[in-house]
**Student:** 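First the structure, then my questions, so here it is.
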Amino acid sequence: MQLSKGAILEILNGATPNKPVFQIVSAKKMESASSAERYRILLSDSEHLYSHVMLTVQLNKLMTNNDITINSVVEVTKYMCNQVQGEKRILVLSDLNVLAKGNLKVGGRIGNPVQLNPAQLSAVAAGVPSSHSDQAAVKQTSTNQGGLNNNAFKANESRTTPSTPSRVHEIATLTPYQNRWRIRARVTMKSNIRNWSNSRGDGRLFNVNLLDSSGEIRLTGFNSEVDKYYSLLEVNKVYYISKCTLKTADKRYSTLNCDYEMTMTPETIIEPCNDDDVDLPMMTFDFVKISDLEKCKNGSSADVIGVVKVANDVGTVIGKQSQKEITKRDLQIVDQSGVAVKLTLWGDDAVNFNGQGYPVVAVKGAKVSDFGGRSLSVSGGSQMLINPDLKEAHILRGWFENEGRDQTFNMFQSDGSMGSGQSTNWKNFLQVKTENLGQGEKADYFTAKATIIFVRKENCMYQACPTADCNKKVVDQGNGLYRCEKCNREFPNYKWRMILSVNLADHTDNQWVTCFQESAESMLGIKADELGALRETDEVQFEKVINDAQFKQYVFRLRAKVETYNDENRLKTVCVGATPVDWKETGYRLIEQLSQMGI
DNA sequence: CCCCCCCC
């Protein structure tokens with residue numbers, strides 16, 4: 001009996017030969033956490049043996065009835081090749097005819113097949129499965145799909161729940177005009193629960209991304225559906241889903257390649273699919289080495305995996321537009337490329353993160369920013385996996401335990417917040433001008449070692465509202481009370497606030513810089529309240545403090561932004577921090593600069 | 001029905 005010699009390699013490389021004939025050299029029941037049994041096959045086409053072969057559960061009866069035995073010859077009428085997690089290609093057999101029962105003894109195995117060498121596989125587009133259905137079978141089973149449906153598995157759907165369509169639809173075929181459908185899909189992203197509040201009302205919501213072999217779609221649940229389905233839906237698991245409403249996706253917010261998106265309703269049915277999950281594509285990653293992040297554009301997304309070398313504590317920042325307090329946590333992740341990068345987590349991701357034991361984090365769709373060279377953020381649309389069961393994660397773990405743990409890394413991002421003490425984005429004042437810092441939409445931050453050459457003592461402090469977080473200037477009512485217009489209150493006291501104008505110089509140029517409270521206090525070496533009292537009581541001492549600050553050097557963290565004032569553009573530079581010069585680190589930086597000049 | 005995705 002002839003097998004379809006060479007057909008395994010053809011199929012793995014994307015071809016779809018019709019009704020190939022194979023020999024089942026062996027079969028074994030897989031140990032699986034899920035309840036369903038699955039059979040794994042060692043398949044031969046007389047030239048090659050291939051072991052990443054499965055039967056769909058619908059064909060299990062062929063095994064349990066002994067219709068297939070060792071060395072049976074079969075004609076496969078439906079099959080699909082899935083590329084999962086990088087290189088591995090799984091061939092799933094979903095329908096076949098047994099041509100000959102196996103013979104364990106004489107001439108059992110046909111030909112002299114050898115293990116297929118993975119190097120013979122061509123690079124098939126990741127995550128795009130090739131499928132094949134026997135044409136006759138498609139005709140028998142196609143219904144209202146207009147012949148577009150080429151999914152090898154659609155006809156095999158048998159386990160149904162009452163009142164739902166028995167067939168499984170493909171995500172790509174869903175439209176708002178047809179609501180009798182049911183999909184089977186894998187969750188590839190699950191957001192946190194988010195609260196919203198606007199003029200139309202308020203509530204809670206979450207979204208998941210759903211993937212099948214035809215495409216991907218976003219599904220959103222509100223309020224009662226959050227309670228009903230948030231914990232049921234888990235990343236990487238497969239569900240049967242029906243009775244959601246569809247609407248046109250707003251492309252401004254959608255990164256998925258889908259025209260529609262779905263919303264849960266009280267009628268929505270979501271059921272876990274515990275079996276048959278290998279014939280759906282897995283979450284696919286296209287990991288970018290950390291050192292290659294510099295090739296990624298600001299604002300783009302990238303899949304990244306790394307070991308968490310440093311996990312900072314949770315902190316809060318005030319959103320620039322929203323003015324709301326936001327929780328964040330900065331991590332520093334490293335990989336074999338020898339480069340470290342900052343990864344910022346927000347909200348619940350930040351609060352719940354446990355950095356003990358140098359976990360591996362994989363982020364699908366991390367947002368890339370050019371801050372400090374490059375930095376990363378896990379935001380909406382990103383999915384973070386901690387210690388995922390991925391080949392890349394295990395390799396990283398091994399590397400880290402053996403050598404990475406003690407290695408030193410080049411930093412993409414280090415402004416002191418990572419405890420490294422060194423800063424990036426060093427500029428001298430000439431570079432600030434020639435490189436047009438602060439000319440863009442957003443302010444530019446840079447670090448400069450400079451000398452204070454003049455401190456303007458006039459108007460360097462004012463009497464401010466004593467309320468915490470209100471720094472509004474108060475009006476002296478002359479009756480011992482001070483009025484804050486912002487708080488609409490009068491107080492018997494005030495606090496001193498500083499706005500200090502200083503002229504900074506390095507060997508290239510000078511720059512006027514505004515220093516507020518904390519940075520002014522640190523470069524004058526005195527608290528604002530003390531200085532305010534001095535100004536009232538001891539003019540000479542006050543001037544001495546100002547004069548003593550001159551001709552001292554600091555490392556300044558500066559924010560530059562061009563502002564228009566009286567139709568004139570000027571670079572407004574604000575000091576956001578002044579720290580003493582670390583001379584050892586300065587020396588290393590100079591050596592680095594010399595070596596870049598080839599000296 | 002959200003659509004913010006942040007900070008240095």
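Chain naming here is simple, since letters A, B, ... match the order of the sequence lines and numbering starts at 1 in each.
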**Student:** Please determine, for the side chain of L205(A), which listed nucleotide (dC4(B), dC2(B), dC6(B)) has the closest atom?
**Tutor:** dC2(B)
**Student:** According to salt bridge (charged side-chain N to carboxylate O under 4.0 Å, His left out), does anything in residues 255-269 of chain A pair up with another residue at least two apart or in another chain? List the pairs.
**Tutor:**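 Found R218(A)-E261(A), K247(A)-E261(A).
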**Student:** Measure CG/L343(A) against P/dC7(B) and give the value in whole Å, please.
**Tutor:**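 From L343(A) CG to dC7(B) P: 16 Å.
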**Student:** Checking only heavy atoms, does the side chain of K342(A) share a donor-acceptor pair with the base of dC8(B) at less than 3.5 Å?
**Tutor:**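 By the distance-only test, yes, there is a pair.
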**Student:** Taking only residues two or more places apart in sequence, or in another chain, which ones meet K527(A) in a salt bridge (charged side-chain N to carboxylate O under 4.0 Å, His left out)?
**Tutor:** E521(A)
**Student:** What nucleic acid atoms does R252(A) come within less than 4.0 Å of, heavy atoms only: base, sugar-phosphate, or nothing?
**Tutor:** nothing
**Student:** Touch check for R218(A), heavy atoms < 4.0 angstrom, all strands: base, sugar-phosphate only, or nothing?
**Tutor:**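 Contact class for R218(A): base.
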**Student:** Which is true for K324(A) with a 4.0 Å heavy-atom rule: it touches a base, it touches only sugar-phosphate, or it touches nothing?
**Tutor:**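 No contact.
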**Student:** Find the distance N223(A):CG to dC2(B):C1' and express it as a whole number of Å.
**Tutor:** 11 Å
**Student:** Report the distance from atom CG of D349(A) to atom P of dC6(B), rounded to the nearest whole Å.
**Tutor:**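 Checked: the CG to P distance equals 14 Å.
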**Student:** Taking all heavy atoms of D444(A) and all of G438(A), pick out the closest pair and write down the distance.
**Tutor:**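 In this case the closest contact between D444(A) and G438(A) is OD2-N, 2.6 Å.
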**Student:** Using a cut-off of 4.0 Å on non-hydrogen atoms, how would the nucleic acid contact of K247(A) be classed: base, sugar-phosphate, or nothing?
**Tutor:**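 Base contact - K247(A) has a heavy atom under 4.0 Å of at least one base atom.
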**Student:** What do you reckon, do W196(A) and the base of dC4(B) stack, with centroid distance below 5.5 Å and planes below 30°?
**Tutor:**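 No, the aromatic ring of W196(A) does not stack with the base.
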**Student:** Just to be sure I understand the rule, does E261(A) reach a base, reach only the sugar-phosphate, or reach nothing, if contact means heavy atoms closer than 4.0 Å?
**Tutor:** base
**Student:** In whole angstroms, how far is the P atom of dC3(B) from the CG atom of N209(A)?
**Tutor:** 17 Å
**Student:** Return the value, rounded to whole Å, for the distance between atom CG of L345(A) and atom P of dC8(B).
**Tutor:**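 In whole Å, dC8(B) P and L345(A) CG are 18 Å from each other.
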**Student:** Base, sugar-phosphate or nothing for R194(A)? Non-hydrogen atoms, less than 4.0 Å.
**Tutor:**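 Base contact.
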**Student:** Round to the nearest Å and state the distance from Y253(A) atom OH to dC5(B) atom C1'.
**Tutor:** 12 Å
**Student:** How many Å lie between CG on D250(A) and P on dC2(B), as a whole number?
**Tutor:**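 Roughly 11 Å, once rounded to whole Å.
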**Student:** How is N207(A) classified with respect to the nucleic acid when contacts are heavy atoms under 4.0 Å: base, sugar-phosphate, or nothing?
**Tutor:** base
**Student:** Quick one: pull up CD in Q439(A) and NZ in K561(A) and give me the separation to the nearest 0.5 Å.
**Tutor:** 8.5 Å
**Student:** Under 4.0 angstrom, heavy atoms only, what part of the nucleic acid is F222(A) near: base, sugar-phosphate, or nothing?
**Tutor:**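 The answer is base, as F222(A) lies within the cut-off (heavy atoms under 4.0 Å) of a base atom.
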**Student:** Whole-Å distance between dC5(B) P and K367(A) NZ?
**Tutor:**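 The distance from NZ of K367(A) to P of dC5(B) comes to 7 Å, rounded to the nearest Å.
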**Student:** Within the 4.0 Å heavy-atom criterion, would you say T344(A) contacts the bases, only the backbone, or no part of the nucleic acid?
**Tutor:**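 Counting heavy atoms under 4.0 Å across all strands, the contact made by T344(A) includes a base.
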**Student:** Is the phosphate of dC2(B) approached by R200(A) (side-chain N or O, under 4.0 Å from OP1 or OP2)?
**Tutor:** yes
**Student:** Output yes when at least one side-chain N/O atom of N198(A) is less than 4.0 Å from OP1 or OP2 of dC2(B), else no.
**Tutor:**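 It does, given that an N or O in the side chain of N198(A) lies less than 4.0 Å from OP1 or OP2 of dC2(B).
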**Student:** Look at atom NZ of K433(A) and say whether more than 12 heavy atoms of other residues, nucleotides or ligands are closer to it than 6.0 Å.
**Tutor:** yes
**Student:** Hey, what do you get for CE (M262(A)) to NZ (K243(A)), rounding to the nearest 0.5 Å?
**Tutor:**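 Reported to 0.5 Å precision, the distance equals 14.0 Å.
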